[in-house]
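Presented below is the structure to which this report refers.
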4 protein chains.
Amino acid sequence: MNQKNIKNNDKISLRRAQLIKAAYRVLSKKGYHDFTIRDIAKEAELSTGLVHYYFKDKQDLLVSVLKDINENLRNFLNKSFENVDSPVEKLNIFMRHAFELARDEDYFSVIFDFWTLSNSNERMHKANMKLLKSYRIECSKIIEEGIAKGIFKTTEVEYITAIIISVIQGMIIQYVIDRKAFDYDLYAAKISEQIFTLLTGKSDIKP
Amino acid sequence: MNQKNIKNNDKISLRRAQLIKAAYRVLSKKGYHDFTIRDIAKEAELSTGLVHYYFKDKQDLLVSVLKDINENLRNFLNKSFENVDSPVEKLNIFMRHAFELARDEDYFSVIFDFWTLSNSNERMHKANMKLLKSYRIECSKIIEEGIAKGIFKTTEVEYITAIIISVIQGMIIQYVIDRKAFDYDLYAAKISEQIFTLLTGKSDIKP
Amino acid sequence: MNQKNIKNNDKISLRRAQLIKAAYRVLSKKGYHDFTIRDIAKEAELSTGLVHYYFKDKQDLLVSVLKDINENLRNFLNKSFENVDSPVEKLNIFMRHAFELARDEDYFSVIFDFWTLSNSNERMHKANMKLLKSYRIECSKIIEEGIAKGIFKTTEVEYITAIIISVIQGMIIQYVIDRKAFDYDLYAAKISEQIFTLLTGKSDIKP
Amino acid sequence: MNQKNIKNNDKISLRRAQLIKAAYRVLSKKGYHDFTIRDIAKEAELSTGLVHYYFKDKQDLLVSVLKDINENLRNFLNKSFENVDSPVEKLNIFMRHAFELARDEDYFSVIFDFWTLSNSNERMHKANMKLLKSYRIECSKIIEEGIAKGIFKTTEVEYITAIIISVIQGMIIQYVIDRKAFDYDLYAAKISEQIFTLLTGKSDIKP
DNA sequence: CATGAATGAGATTTCATTCAT
DNA sequence: GATGAATGAAATCTCATTCAT
């Protein structure tokens, strides 16, 4: 590939990224039902035609947004774990990150949209499966590392993982839908603690 | 209220129920994105005009569907608890019912739709809050009854309730999105058991 | 079918006919490439939505126009032949009618459009086949009647029919594309005469 | 004109020819309705921008395609007649060539497209007139040569020419639209024979 | 009450054409 | 000459909502 092509590809990637970002912003602001290609174009300060130049159709753009979210998760975790050795600390980072998602007003509205689209769009369905799987895989890796290092004492990595993801996710949903349902921060802390108890058999680990 | 009005109201209720049911069926079949007023009218074998006679607009109908779901939950639990005294048995029924929701292919796609709509529609948002609250209230009532009867030994009813709802809900979502993610029945059973352990302090209670 | 349905169907037929007529007018004025659904709606003084209410899509409307043309041909011939017994006179009417089509500035532009669409649209293709077949069938019927009555003396009805249709059609095309190519009326008269010669063996029959 | 300009012009001609060929291929494959400038560029393995460098606009390109077809006709006939003296043989070649056009699946779809465009585009209209005129002129030349050589005995060259073009063209159209309408080869042979009869006076039918 | 024809705003999508590189 | 990213106008089609009957 020559110099020129590299430049072009960079430009293409740039535009795609720009549009994906704009789509994410619009999506979270207006929700899938009301957002239009025109909104995205306006948000990105580009023409509507260009959106279709880079993405086959609306659904293609949305799938790309979801894939982008997935990639961001991996990047975030990779970066965060760079200088961290302790599995306990890693799990803490992981859970804190997960609980923090509820902070971002928009993130879960977008996720809801994607779940909804899962039904009618197979590509979206697969991307959703992949994102959830990513969460489970990252979580399992940490737990297994903890077991290998003799810190965690469970034999049921997958089950514990499913529980962790479930309880965090379920908590977030309730909180996102009803911010006054309970003291989210307190419950998040308690749950973290309880999970460590479950994993280590002691309750004195401080997150 | 005279005889005629009663009759009319009955008929109105009948038509409304008929349309709500049709809306639920269409909604679960096609998802929010593709369903139309015409679909509902056809499903109910009525005219499109009539839908707007009984419901202000599309959103009004959808809110009514959600409220209907809420009512059904209460009715179901009331009926199920009619001849049951044991809080343990009640909690079992409650959790089994909740886990069973994942069985119904359609139920959670509809719920996803409603969550999504929560974002842009305040009435829908409120209805969603109410449904989640209903779950928490019903669950809390059972736990408090168990405490009163000396069977459950927790002081944190609300927290435990939130955990129960969260873990079940989170489990369902993962399962609905990826039916092969894990052995749902096994995990459901394990979770139930673990919740009873949490509540009673013993692990030998068989659900 | 009750009185009401009949009324409704009449109304439906009315609207459909109205739109087909409008489509025909617009089509001949602007040609397929430039004509829009909006044009038709405007021509019929109705809304664009209504066009789609009565016709699945643009192509569906066009196929309907072609079918309408076909029907008109049959109706015209049936009516014209009502009090005519002589096959010679019938064939004369038939050929005069055919040659007259070139008079209508629009008719053949529309036909060209349909031929063009034949390629990409199977329904249109079939409708085109049907129209041409209609012409052949009507022509053959007359010739056979003439043979039965001992007036025409050919054994090759189908071949003669194909020739008649071909030469008239080919003549029209040249004339429609180039009005000054030749003396259309003169040539039309000559061709008619020659065809009768071919059929009867004498040349003194005056059309 | 200097050496450089000649080179450039050659290159320009080359590119133009390349694009015209590509346009013809795309046009016959997809038909006017679905073909795009991008299709042509892709087919020619060039960029879309270049199409507009060599042709003012889409219509300009199409007119060029039609002119190209016209030129090809003349070239073909010139070449075919190179070593042929007999007008009978020449007319045979001419008619065979004409009838053969129906063989090429694509040729007449393209011609239909051009006829259709005739309506809304004057340049296209003229190009169409020119192509039809070319056919008549070539045919007339042969007949006149035959008369000069005492082989053909008609005094109505133009009329006979119009008939020949008409009947062949009309035959092709019926065949192109309905391949099973009749035995095309048989009818083509019969028509050729009959035309020669008409021209040589061997039959007793008077034109 | 009930119907469904009619409306019209608005969404997605396509594509000829332009222009900076 | 050559490229292809970018534009933006315009087309088709959908659908909630209205309203005369």
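Just so you know, these numbers use all the heavy atoms, side chains as well, and skip hydrogens, waters and symmetry mates. Letters A, B, ... mirror the listed sequences (proteins, then strands); counts begin at 1.
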Fill in: Sugar-phosphate, base or nothing in reach of D/Phe35, heavy atoms under 4.0 Å
sugar-phosphate
Fill in: Distance (rounded to the nearest 0.5 Å) between A/Ile40 CD1 and A/Leu27 CG
7.5 Å
Worksheet, complete the sentence: Looking only at F/dA2, F/dT7, E/dC1, the nucleotide nearest the B/Tyr54 side chain is E/dC1
Worksheet item: So does B/Arg38 get a side-chain nitrogen or oxygen closer than 4.0 Å to the phosphate oxygens (OP1/OP2) of F/dT14?
Response: no
Item to complete: State plainly whether the residues B/Arg123 and B/Asp60 are in salt-bridge range, i.e. N to O under 4.0 Å.
Response: yes
Response to the item:
Here the distance between atom C1' of E/dT14 and atom CG of A/Leu50, to the nearest Å, is 14 Å
Item to complete: Round to a whole Å and report the spacing from CG of A/Leu14 to C1' of F/dA6.
Response: 14 Å
Discussion item. Please compare C/Thr48 and A/Asp57 by the position of their nearest nucleotide in DNA chain E and report the one closer to 5'.
Written reply: C/Thr48
Practice prompt. Take the protein atom CG of D/Asp34 and the nucleotide atom P of E/dT13, then report the distance between them rounded to whole Å.
Written response: 17 Å
Worksheet item: So what does C/Ile37 touch, heavy atoms closer than 4.0 Å: a base, only the sugar-phosphate, or nothing?
Response: sugar-phosphate
Worksheet item: D/Thr36 near the nucleic acid: base, sugar-phosphate alone, or nothing, with a heavy-atom cut-off under 4.0 Å?
Response: sugar-phosphate
Response to the item:
Paired to F/dA20 by Watson-Crick or G-U wobble criteria (both distances under 3.5 Å) is E/dT3
Worksheet item: Any side-chain N or O of A/His52 under 4.0 Å from OP1/OP2 of E/dT14?
Response: no
Pairs under 3.5 Å (N/O, protein and nucleotides 19-21 of chain E):
none

Discussion item. With side-chain contact (heavy atoms from CB on, under 4.5 Å) as the criterion, how do A/Leu62 and A/Leu117 come out once you've worked through the C-alpha distance, each side chain's angles and the decisive distance to 0.1 Å?
Written reply: CA-CA 9 Å; A/Leu62 289 173; A/Leu117 289 169; 3.7 Å; yes
Item to complete: Output the distance between atom CZ (B/Arg16) and atom CZ (B/Phe55), rounded to the nearest 0.5 Å.
Response: 4.0 Å
Worksheet, complete the sentence: Taken to the nearest 0.5 Å, the spacing of A/Gln59 CD from A/Asn121 CG works out to 4.5 Å
Item to complete: For C/Phe55 and E/dA6, give me the distance from atom CZ to atom P, rounded to whole Å.
Response: 12 Å
Fill in: Closest nucleotide among F/dT12, E/dA16, E/dT7 to the D/Lys58 side chain
E/dA16
Worksheet item: Looking at the side chain of B/Tyr53, which of E/dC1, E/dT3, F/dT7 is the nearest nucleotide?
Response: E/dC1
Worksheet entry | D/Ile40 CD1 - F/dG4 P separation (whole Å) | 17 Å
Fill in: Salt-bridge contact A/Glu43-A/Lys21 (side-chain N to carboxylate O under 4.0 Å)
no
Worksheet item: Can you list the steps and then say if C/Thr116 with D/Thr116 is a side chain to side chain donor-acceptor pair (under 3.5 Å)?
Response: CA-CA 7 Å; C/Thr116 296; D/Thr116 297; 2.7 Å; yes
Item to complete: Specify the separation, in whole Å, of atom CG of D/Asp39 and atom P of E/dT14.
Response: 12 Å
Fill in: Electrostatic pair B/Lys30-B/Asp39, nearest N-O below 4.0 angstrom
yes
Worksheet item: For B/Ser47 and E/dG4, is the shortest distance between a side-chain N/O and OP1 or OP2 below 4.0 Å?
Response: no
Item to complete: Could you check how far NZ of D/Lys42 sits from P of F/dT3, rounded to whole Å?
Response: 15 Å
Worksheet entry | Distance, rounded to the nearest Å, where C/Lys30 contributes NZ and F/dA11 contributes P | 8 Å
